[in-house]
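Indexing begins at 1, ligand by ligand and atom by atom, following the structure's order.
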Amino acid sequence: MDRQAFGALLTSRLPPEIVVLDPDVIAAHSGDRSEFLAPGRPWALLRPRDTSEVAAAVRVCADHGVPIVPRGAGSGVAGGAVAGDGCVVLSVMAMDRIHEIDTANLLAVVGPGVLNADLCDAVAAHGLWYPPDPASRAICSIGGNVATNAGGLCCVKYGVTREYVLGLEVVLADARVCSVGRRTVKGVAGYDLTALFVGSEGTLGIVTEVTLRLRPAPPPAVTMTAFFDSLADAGRAISAISTSTTPSLLEVMDATTLAAVEAWTRMDLDTSAAALVLAQSDSGAGAVDQLAAMAAAARRAGASYVAETADPDEGAQLLTARRLAYPALERLGAAVMNDIAVPLGGVTAAIGAVEEIARRHDVRVGTFGHAGDGNLHPTVVFDRHDPDSVARAEAAYHDMAAAALALGGTITGEHGIGLLKRDHLEHEAGAAAIDLQAAIKGALDPDGILNPGKVLNRRG
Ligand SMILES: Cc1cc2nc3c(=O)[nH]c(=O)nc-3n(C[C@H](O)[C@H](O)[C@H](O)COP(=O)(O)OP(=O)(O)OC[C@H]3O[C@@H](n4cnc5c(N)ncnc54)[C@H](O)[C@@H]3O)c2cc1C
């Protein structure tokens with residue numbers, strides 16, 4: 001079967017309005033926010049509006065062995081939604097309804113195409129909160145968050161996406177619709193298939209509905225900013241704050257990132273500092289004491305300047321500076337955001353290793369991230385039109401994964417493996433664990449039609 005014949009088949013077997021064959025529109029949906037990867041030429045883009053249309057689409061593709069690349073909003077940075085030649089891209093973004101907000105049972109049932117920020121706004125109207133808050137929350141979908149087990153700024157206290165997914169509806173590789181999980185707070189019936197699908201990057205099934213746990217909105221947060229003359233001092237402060245207080249947010253930005261954000265926002269950030277540590281507490285009556293303890297820890301670690309504020313607007317503005325870190329670095333050139341995580345005590349060493357890698361490859365790196373989780377996003381800025389610059393950026397990017405492993409960490413804290421980190425996975429997981437993962441893939445998708453080549457290098 002060729003592109004034209006398969007396009008005609010899709011149009012005859014599916015509602016024609018969900019089938020897109022225009023090459024320009026398909027191309028616009030064939031990549032994500034990763035670097036170093038060239039998308040291929042998919043045969044079609046499908047935009048199903050409900051589960052039955054997803055199942056029908058999978059049926060046609062499965063019958064003809066045509067691979068499917070599921071995609072949400074395309075904000076991924078690991079190449080998980082990068083599509084190759086001769087496949088079908090399946091966007092879930094038309095499935096963007098919030099089906100239910102159950103205030104009595106603290107849960108929401110949503111389509112996978114709902115944007116994270118839209119869900120947060122909708123539940124906030126009921127005095128509720130959905131904590132996992134990627135910095136990209138305005139431009140990423142809940143389905144994508146589930147597929148990557150996304151983290152965010154609040155995760156240091158409230159946990160990542162997996163902690164909030166109670167149940168899923170998934171279309172399997174053979175087009176069956178499967179419900180896993182529950183609506184109850186607790187539940188241990190059988191193997192935890194919900195947890196298996198969370199973080200599976202579209203390789204085991206297509207998520208068509210998500211049941212999410214909500215929380216009552218927390219009290220307003222109080223905020224501390226601490227500037228440091230050295231990254232080592234900042235690392236010591238992060239360590240002390242993590243181990244002696246309960247921050248609801250603990251983030252770091254290095255000098256390169258600070259300068260990029262300041263150049264863009266003119267917020268009056270101290271660009272002579274080597275690092276800014278941003279911490280919050282939302283512990284209600286105890287928050288001010290928590291903040292004082294954090295500030296004391298920052299001063300003991302050698303902070304050059306510490307400020308505390310209980311003004312929520314000021315706190316929100318400082319958070320905006322952090323959320324703008326990556327787009328601010330992108331203004332300096334092409335930017336590839338890495339995602340490494342180390343045990344809490346290893347943050348200083350990880351930042352040091354990143355600096356050494358930047359020197360070795362002669363690249364510009366801005367490091368920021370969820371320091372309270374030991375999760376850093378060293379971002380290499382490079383020139384996409386200069387092959388030498390691209391090669392140095394790519395080498396630095398991959399060396400960072402190796403450095404994280406050498407520090408007892410992981411090659412990805414929250415962005416996933418996608419295509420970009422596939423070759424590093426075996427080094428982290430080991431051959432036996434890779435065998436298990438391949439066996440799971442083989443059991444759920446024996447013909448390898450779901451997002452082939454992502455996560456694992458080989459089939460089960
Ligand atoms: C500026 C910026 C900041 C970011 N900050 C964070 C952050 O703080 N924390 C964080 O975790 N990530 C962050 N990210 C990365 C990204 O936003 C997340 O990985 C997000 O979860 C991807 O969602 P998406 O809808 O864009 O998914 P896509 O990019 O469209 O897809 C990502 C993966 O999920 C799969 N997928 C998508 N939808 C489905 C579905 N319905 N069923 C099955 N598989 C599916 C795709 O096949 C792909 O493998 C950031 C990205 C940017 C650009």
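Taking only nitrogen or oxygen atoms, main chain and side chain alike, H377 does not reach within less than 3.5 Å of ligand 1. For a threshold of 3.5 Å applied to N or O pairs, the pair formed by A135 and ligand 1 contains at least one separation below that value. Residue N451 has at least one N or O atom closer than 3.5 Å to an N or O atom of ligand 1. Where the criterion is an N or O separation shorter than 3.5 Å, residue side chain and backbone included, E414 meets it with respect to ligand 1. Between G76 and ligand 1, an N or O atom pair is found at a separation short of 3.5 Å. In terms of polar-atom proximity, defined here as any N/O pair under 3.5 Å, C140 makes no such contact with ligand 1. Considering backbone and side-chain N/O of V69, none are found under 3.5 Å from N/O of ligand 1.
What sits closest to atom 31 (O) of ligand 1 on the protein, heavy atoms only, is A81 CB, 4.0 Å. Distance from atom 47 (O) of ligand 1 to its nearest protein heavy atom, with residue and atom name: P70 O, 2.6 Å.
Ring pair Y158/W129 is perpendicular by interplanar angle, where above 60° counts as perpendicular and below 30° as parallel.
Listed by atom number, the atoms of ligand 1 under 4.0 Å from E201 heavy atoms are 47 (O), 49 (O). Numbered from 1 in the order shown, with element, the atoms of ligand 1 that lie under 4.0 Å from a heavy atom of G143 read 38 (N), 39 (C).
The proximity of H370 to ligand 1, defined as any non-hydrogen pair under 4.0 Å, is limited to the side chain. In N145, the parts holding a heavy atom less than 4.0 Å from any atom of ligand 1 are both the side chain and the backbone.
Here R162 does not pair with D192 in a salt bridge; the nearest charged N to carboxylate O distance is not below 4.0 Å.
Residue contacts with ligand 1 include G205, since one or more of its heavy atoms lies under 4.0 Å from the ligand.
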